[in-house]
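A quick note: this is a predicted structure, and the numbers were derived from the prediction, not measured. In what follows, every chain begins at residue 1, and chains take the letters A, B, ... in the order their sequences are listed.
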2 protein chains.
Amino acid sequence: MEEKNEVKMEKIVSLCKRRGFVFQGSEIYGGLAGTFDYGPLGLAIKKNIERLWWKQFVDNRTDMYGIDASLISSAKVWEASGHTTTFNDPLVEDLVTKKRYRADHLLEDAGHSAEGLSLSELAAKLKEHKVVSPDGNPISEPKVFNLLFPVYMGAVQNEDSLAYLRGETAQGMFTNFKNILDCFSPKLPFGIAQIGRSFRNEIAPRDYIFRVRELEIMEFEYFIKEADWEGQFEYWRAQYHEWFQSLGFSNEDYKEVELDEKDRAHYSKRTMDFYFKYPFGFKEIGGIAYRTDYDLKNHMEKSGVDMRYLDPETNEKSIPHVIEPTFGLGRFVLAVIAKGYTEDEMNGEVRTYLKLPAHLAPYRACVSPLLKNRPELVAKAREVFASLKKEFGNIAWDDNGNVGKRYRRQDESGTPYCIGIDFDTLGENSNLLDMVTVRHRDTGEQERVHVSELTAYIGK
Amino acid sequence: MEEKNEVKMEKIVSLCKRRGFVFQGSEIYGGLAGTFDYGPLGLAIKKNIERLWWKQFVDNRTDMYGIDASLISSAKVWEASGHTTTFNDPLVEDLVTKKRYRADHLLEDAGHSAEGLSLSELAAKLKEHKVVSPDGNPISEPKVFNLLFPVYMGAVQNEDSLAYLRGETAQGMFTNFKNILDCFSPKLPFGIAQIGRSFRNEIAPRDYIFRVRELEIMEFEYFIKEADWEGQFEYWRAQYHEWFQSLGFSNEDYKEVELDEKDRAHYSKRTMDFYFKYPFGFKEIGGIAYRTDYDLKNHMEKSGVDMRYLDPETNEKSIPHVIEPTFGLGRFVLAVIAKGYTEDEMNGEVRTYLKLPAHLAPYRACVSPLLKNRPELVAKAREVFASLKKEFGNIAWDDNGNVGKRYRRQDESGTPYCIGIDFDTLGENSNLLDMVTVRHRDTGEQERVHVSELTAYIGK
């Protein structure tokens, strides 16, 4: 089972590179660990997910305010949020090679759970189980390592010029809370939403685009009255399930994981993670955290800016509490691709295809002339292509190689329909004039459809 | 004139903060120079511009491949591109306060041109004109300062872990050139497009969101045969003008500036900048550079990866040349806002409004009940709001304050139409049943429109 899934993951990575979904970052120079470049097809899926998310959680609502904050922010933001002191991973050093490793990973690789262990508990467990480095050497005591990337702004490197690449998108919503209050006078409950990059200096990036150093998050901070937190938590939990449904995921694809107190982040009073069933096992894809008033209170204390909300009914001022639903964008891209990855047998041959929902697929359809050296076929195909592209935008054109190769390419690209223009379409068989071939990705079945009905047919 | 424009710029900055377009980055901690957070309205304009650009230059074409590369990339990328040695600004130090300044800015502030000067020429000019620091103190000789932000990946800070925040988006297209060739077998000419952030450690960020440390660029590298470069340059120059038109800019709003050899970047054989007429003068908003085969050739040499294109007709291999049209996204946002900023007199009072084209405005329309404490008005207004929101997405709801205040708010937000629901709409005046008031932003004129015609009316 384990091995089979490893093979599946390798096949997915290979398909993603071969078809232009995702490439290793700085690949031509041997790659930069934990960074990835999205190619045209991966970017298309990513944009489809982003657009759907923004529509569902921002545009279709009247209580959500979208922002896009700077990726570099003042060191003071991260001191107030607690990240400079608590955004850490435990590291050990191989005493011979001097290479460094995540202490919790070594413990887990040795077959013991590291969840929720403090640094000293971790140290004790490593000793107890006589854990060594991957090279078999003794290791140091674990030490904390901060995951924020420091950046110096300006010509001089000192404490005054120290800033950080943001470790999470959330702080942008908290530091702009007062701005949103002042500009839009929203009433509780309301949210501030953002899609954007965050950075974590992961010592051990792994599992492809799952654990990376430069990650994209879709998330919002939903500001509420303290008394409402349990109801709001349940409301967003149900909304999160709806989001999974809108991606075409079923109940078997993911599960809820309620976190114990010791496993929760320093700011959270309740956290529900969502785990997706990746080829490498059930792993976190997002979650909901009740962050209390921790962040706004800290920013109010440290900045001196009043973060209180004036209740228009009671005329009382208080700091709102926060429910935070978080969605890992890259992890959702990987989930969509992994769920879609399918192998079957067709015409006696093994074939691979991505069974993507049409609204998430990079291309809605692909148009091809039977032969590319016959101008009359190409002209007709171009006409069909242009009219579909005007309607859907994401229509592919493919006149390379033979029909079989094109199908293989589009199957692996997740394109639901391949549309072929042949001599029958031109009227060689007068019964079939203006009838194109529509070939279905999932079944390989083909039908004749009249060009005038094509838009409705592939739009359904 | 100078002073009047400074006042105008101050008013724009103030409006942008007041209405939720743009805020200073890390504002509650005194701000982090050269960084900005987009609020809901600024983000809406930014997304409208991005969407239009992507449609015009990527989706509506068949020769363009979109990518989204990692922001952090290997130091080797920036060595090959020449940025580690040439992506510099000249700095001088105030010999008394030890503060550092851009040498070219000091020279220009003293009334002398610094364009195209080498470091030694700059040093000579500073001496010749006896330029001092802003505090009146003597200054040091100018020295080069590199604008890349270094980032260390992993637990140890050394040469091996050194990477950079990208100084331009372009390198992502060059380092993925081979990937695009392999995946999609495109024929010359074709382009690779990207929208994303770049980072420059500007010593003197200024002019609001114009000169920043974290900037967003829309750009593509268009790969061509060397012999075609002049024709392709002219083609993209014409396309660039079309882009200006599609934003509603006229010929007076911008101009072309052809760069002399000494003013061009190290890689360019011809560069045409486009300057927009900002309140602080004509300044660069984007440009077109002919980068020759400089980048691909360097990456081929340094990485050993074959960057040659196989011509399917001649069967010859050669490195393509490149035309690069670049568009400063934040600069276009500022241009749209600055062009729209208008003051006039209405009903004997000075009013401020943003005359934005409807397709770029944050909200297409705003819906309001005359009074918010009359449930029948609110219910009807909600109904109108919901039906428009379903159609357009970006519809505002405003029931705060009186009608005059709402108009002022929407005028400053650039909303083309304010839709009012009053007792006549409910049938108090039976001739006006289901007729809403539509108030036009630019003229202040009002008309009655039937709800059944509203979608067509504001969609036109």
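- Using a 4.5 Å cut-off between heavy atoms, B/Asp89 does not touch chain A at all.
- The existence of a salt bridge linking A/Lys46 and A/Glu216 is confirmed by a sub-4.0 Å separation between a basic side-chain nitrogen and an acidic carboxylate oxygen.
- Under the 3.5 Å distance criterion, with hydrogens and angles disregarded, no donor-acceptor pair is assigned to the side chains of A/Thr169 and A/Gln194.
- Counting heavy-atom pairs under 4.5 Å between each of A/Gly304, A/Ala386, A/Gly66 and chain B puts A/Gly66 at the top.
- Between A/Lys99 and A/Asp94 there is no salt bridge, since none of the side-chain N atoms of the basic residue sits less than 4.0 Å from a carboxylate O of the acidic one.
- Note on B/Phe23, B/Phe145, B/Phe149, B/Tyr65: by heavy-atom pairs under 4.5 Å with chain A, the leading option is B/Phe23.
- If you measure heavy-atom distances from A/Leu165 to chain B, the contacts under 4.5 Å come from the side chain alone.
- At a 4.5 Å heavy-atom cutoff, the contact between A/Lys76 and chain B is made by backbone and side-chain atoms alike.
- Salt bridge annotation for B/Asp68-A/Arg197: present, with a cationic side-chain nitrogen under 4.0 angstrom from a carboxylate oxygen.
- When each of B/Ala163, B/Ala155, B/Ser74 is checked for heavy-atom pairs under 4.5 Å with chain A, B/Ala155 comes out on top.
- Contacts between B/Ala33 and chain A at a heavy-atom distance below 4.5 Å involve the backbone alone (N, CA, C, O).
- Between A/Phe220 and A/Phe57, the ring center distance clears the sub-6.0 Å criterion.
- Looking at A/Ile67, both its backbone and its side chain come within 4.5 Å of chain B, counting heavy atoms on both sides.
- Heavy atoms of B/Arg61 lying under 4.5 Å from chain A belong exclusively to its backbone.
- Ranked by heavy-atom pairs under 4.5 Å with chain B, the list A/Tyr29, A/Phe184, A/Phe199 is led by A/Tyr29.
- Heavy atoms of B/Gln24 lying under 4.5 Å from chain A are absent altogether.
- Using a 4.5 Å cut-off between heavy atoms, B/Ile203 touches chain A through its side chain atoms alone.
- By number of non-hydrogen pairs under 4.5 angstrom with chain B, the leading residue of A/Arg18, A/Gln171, A/His299 is A/His299.
- Counting heavy-atom pairs under 4.5 Å between each of B/Gly31, B/Pro150, B/Gly154, B/Ala204 and chain A puts B/Gly154 at the top.
- Heavy-atom pairs under 4.5 Å with chain A peak, among B/Leu71, B/Asn176, B/Asp182, at B/Leu71.
- Contact annotation for A/Met307: only side-chain heavy atoms (C-beta onward) come within less than 4.5 Å of a heavy atom of chain B.
- A salt bridge links B/Glu412 with B/Arg19: the distance from a Lys NZ or Arg NE/NH1/NH2 to an Asp or Glu carboxylate oxygen falls below 4.0 Å.
- Of the listed residues A/Val22, A/Ile72, A/Asp59, the one with more heavy-atom pairs under 4.5 angstrom with chain B than any other is A/Ile72.
- Looking at A/Trp54, the atoms closer than 4.5 Å to chain B (heavy atoms on both sides) all sit in the side chain, from C-beta outward.
- For the set A/Lys302, A/Lys178, A/Lys390, the count of heavy-atom pairs under 4.5 angstrom toward chain B peaks at A/Lys302.
- Here B/Glu93 does not pair with B/Lys143 in a salt bridge; the nearest charged N to carboxylate O distance is not below 4.0 Å.
- Salt-bridge formation is detected for the pair B/Glu27/B/Lys17: a Lys NZ or Arg NE/NH1/NH2 atom is positioned less than 4.0 Å from an Asp or Glu carboxylate oxygen.
- Residues B/Leu148 and B/Asn201 form no side-chain contact, since every pair of their non-hydrogen atoms from C-beta on lies 4.5 Å or further apart.
- Shown here is A/Lys405, whose NZ atom has no more than 12 heavy atoms of other residues, nucleotides or ligands within 6.0 Å.
- No other option in A/Val77, A/Asn146, A/Leu41 has as many heavy-atom pairs under 4.5 Å with chain B as A/Val77.
- The shortest distance between side-chain heavy atoms of B/Arg409 and B/Asp398 falls below 4.5 Å.
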Report task. Start with the C-alpha gap between B/Trp397 and B/Ser368, add the side-chain angles, then the distance that decides, and say whether side chain to side chain donor-acceptor pair (under 3.5 Å) holds. Result -> CA-CA 6 Å; B/Trp397 170 266; B/Ser368 304; over 6 Å; no
